[in-house]
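Everything below concerns the one structure shown next.
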Amino acid sequence: MLRVALPNKGRLAEATRDLFADAGLEVRGRGERALTASLGGEFEALFVRAQDVTEFVADGVADAGVTGWDLVAESDRPVDPLLDLEFGYCRLVVAAREDSGIHAVADLRPGPEAPHRVATSFPRITRRFFSDAGRAVDVVPVSGAAEVAPHLGIADIVVDLTSTGSTLKVNGLREVATILDSSARLITATGRDAGNLGVAAPLDELVAALASVLRARGQRYLMANVPRNALDRVKQILPGLNGPTVTDILNGGDLVAVHAVVPAASVYRTIAALKALQATGVLVTRIERLMP
Ligand code: AMP
């Protein structure tokens, strides 16, 4: 059995469940409060808070886990990232009141006399950051909603997570520096001997399955019928993985069918370019998995 610690609720829970389901590892038969559930085959999920995933993985209770890189960094436990899961994007930033006149870390008083007070739920990262920046600050640990601390007079600076920056703005705060860029990661304990524990094969399988889904998410499969005499120009538009597949159409006249894998982000441009070459029957589909 390969046991994977997954976030049971919060921002990362749903995207994690969706990713695993897309990889064929759907949560099966989980009761309302059940801590564990089968993911099919030799995979089992252990549902815990995102904040606790690193601990369970570092302790060896789980073979692997999914959580935010910010939480991994704050935990200071010996785990390694196996895969960036490409969701849960956010940044850990230093923010100050808009009316504070602080625009950069260099604007902060150096301390230790009259040190700035910094509210954060990331005390370890925060201490390290300000110490490296040569600023002696008082760190005020809070368990969440650090952005209200300046209004309550608890602190004049905050270190908090943001993705759009809007919560900071609404609270009259200005970003002063980025400490860390984060996203959800698949992690495993440093130095864990998966081979000896008999989980090397399923762990490799898990990484390959998730990676193939992530790769496929950014691509589309495109099919179109194009005039044979336009093929050279079509090949420039459709590089595909190894160039487009070209096939004859029964009774297709001077039309041939082309198939190619194309980046999802530019698929509209690709269609317009093919249309300009008199392409017909353009079909675009999602790809479930892609293993180059
Ligand atoms: P949770 O507290 O369980 O909702 O999970 C919080 C985790 O979601 C954080 O540790 C980050 O890894 C991630 N996250 C992504 N975007 C944001 C955001 N804008 N604010 C807070 N956390 C975020």
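In what follows, every heavy atom counts, from backbone to side chain, and hydrogens, waters and symmetry copies are set aside. If you read the sequence from its start, that first residue is 1, and numbering goes on from there.
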Donor-acceptor under 3.5 Å ([X] side chain, [Y] main chain):
X	Y	value
Arg215	Leu290	yes
Thr120	Val159	yes
Arg174	Ile102	yes
Arg135	Pro115	no
Glu74	Arg124	yes
Arg233	Leu277	no
Arg11	Gly88	no
Arg117	Ala155	no
Asp107	Ala104	yes
Arg109	Ala114	yes

*Name all residues meeting the salt bridge (Lys or Arg N to Asp or Glu O under 4.0 Å) criterion together with Glu86; count only those two or more places apart in sequence or in a different chain, and write none if there are none.*
none
*Flag yes if more than 12 heavy atoms outside Arg28 fall under 6.0 Å of its CZ atom; otherwise flag no.*
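It does: Arg28 CZ has more than 12 such atoms within range.
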*Counting only heavy atoms not in Glu98, do more than 12 fall under 6.0 Å of its CD?*
yes
Roughly how far, to the nearest 0.5 Å, is [atom2] of [Y] from [atom1] of [X]?
X	Y	atom1	atom2	result
Asp63	Ile187	CG	CD1	12.0 Å
Ile125	Leu92	CD1	CG	5.5 Å
Leu168	Asp160	CG	CG	6.5 Å
Leu173	Glu147	CG	CD	7.5 Å
Leu210	Phe20	CG	CZ	5.0 Å
Phe47	Arg17	CZ	CZ	7.0 Å

Would you kindly confirm whether [X] and [Y] end up in one hydrophobic cluster when ILVMFWY residues are joined by side chain heavy atoms under 4.5 Å apart?
X	Y	result
Leu85	Val79	no
Leu274	Leu231	yes
Val258	Val284	yes
Leu46	Leu82	no
Leu6	Leu203	yes

_Any carboxylate oxygen within less than 4.0 angstrom of a Lys/Arg side-chain nitrogen, looking at Glu44 and Arg3?_
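Looking at Arg3 together with Glu44, the answer is yes, because their closest N to O distance falls below 4.0 Å.
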*Lys/Arg-Asp/Glu bridge criterion (N-O < 4.0 Å) met for Arg192, Asp80*: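 No.
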*Mind running side chain to side chain contact (heavy atoms under 4.5 Å, CB included) on Leu19 and Leu214 for me, showing each step along the way?*
CA-CA 8 Å; Leu19 174 63; Leu214 295 170; 3.9 Å; yes
*Under the side chain to side chain donor-acceptor pair (under 3.5 Å) test, which residues partner Asp22, sequence neighbours left out?*
Arg217
_Contact check, side chains of Leu161 and Asp70, non-hydrogen atoms, under 4.5 Å_ =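 With C-beta onward as the side chain, the pair touches.
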*Show the numbers, then the answer: is there a side chain to side chain contact (heavy atoms under 4.5 Å, CB included) between Leu108 and Phe130?*
CA-CA 10 Å; Leu108 297 177; Phe130 284 105; 3.5 Å; yes
*So among Asp181, Thr162, Thr178, which one has a side chain to side chain donor-acceptor pair (under 3.5 Å) with Arg91?*
Thr178
Distance-minimising heavy-atom pair for [X] and [Y]:
X	Y	answer
Thr67	Leu71	OG1-CD1, 3.5 Å
Ala73	Leu180	CB-CD2, 4.3 Å
Leu12	Pro7	CB-CG, 3.9 Å
Ala146	Ala119	CB-O, 3.8 Å
Ala37	Val27	CB-CG1, 3.7 Å
Arg289	Ala23	NH2-O, 2.7 Å

_Stepwise side chain to side chain contact (heavy atoms under 4.5 Å, CB included) test for Asp84 and Trp69_ = CA-CA 9 Å; Asp84 186 332; Trp69 189 242; over 6 Å; no
*Partner of Pro123 by side-chain contact (heavy atoms from CB on, under 4.5 Å), out of Val142, Val139, Val140*: Val139
*asked:* Let's go through Asp59 and Arg77 carefully: what are the C-alpha distance in whole Å and the side-chain angles of both, what is the deciding distance for side chain to side chain contact (heavy atoms under 4.5 Å, CB included) to 0.1 Å, and is it a yes or a no?
replied: CA-CA 9 Å; Asp59 285 350; Arg77 299 298 315 265; 3.5 Å; yes
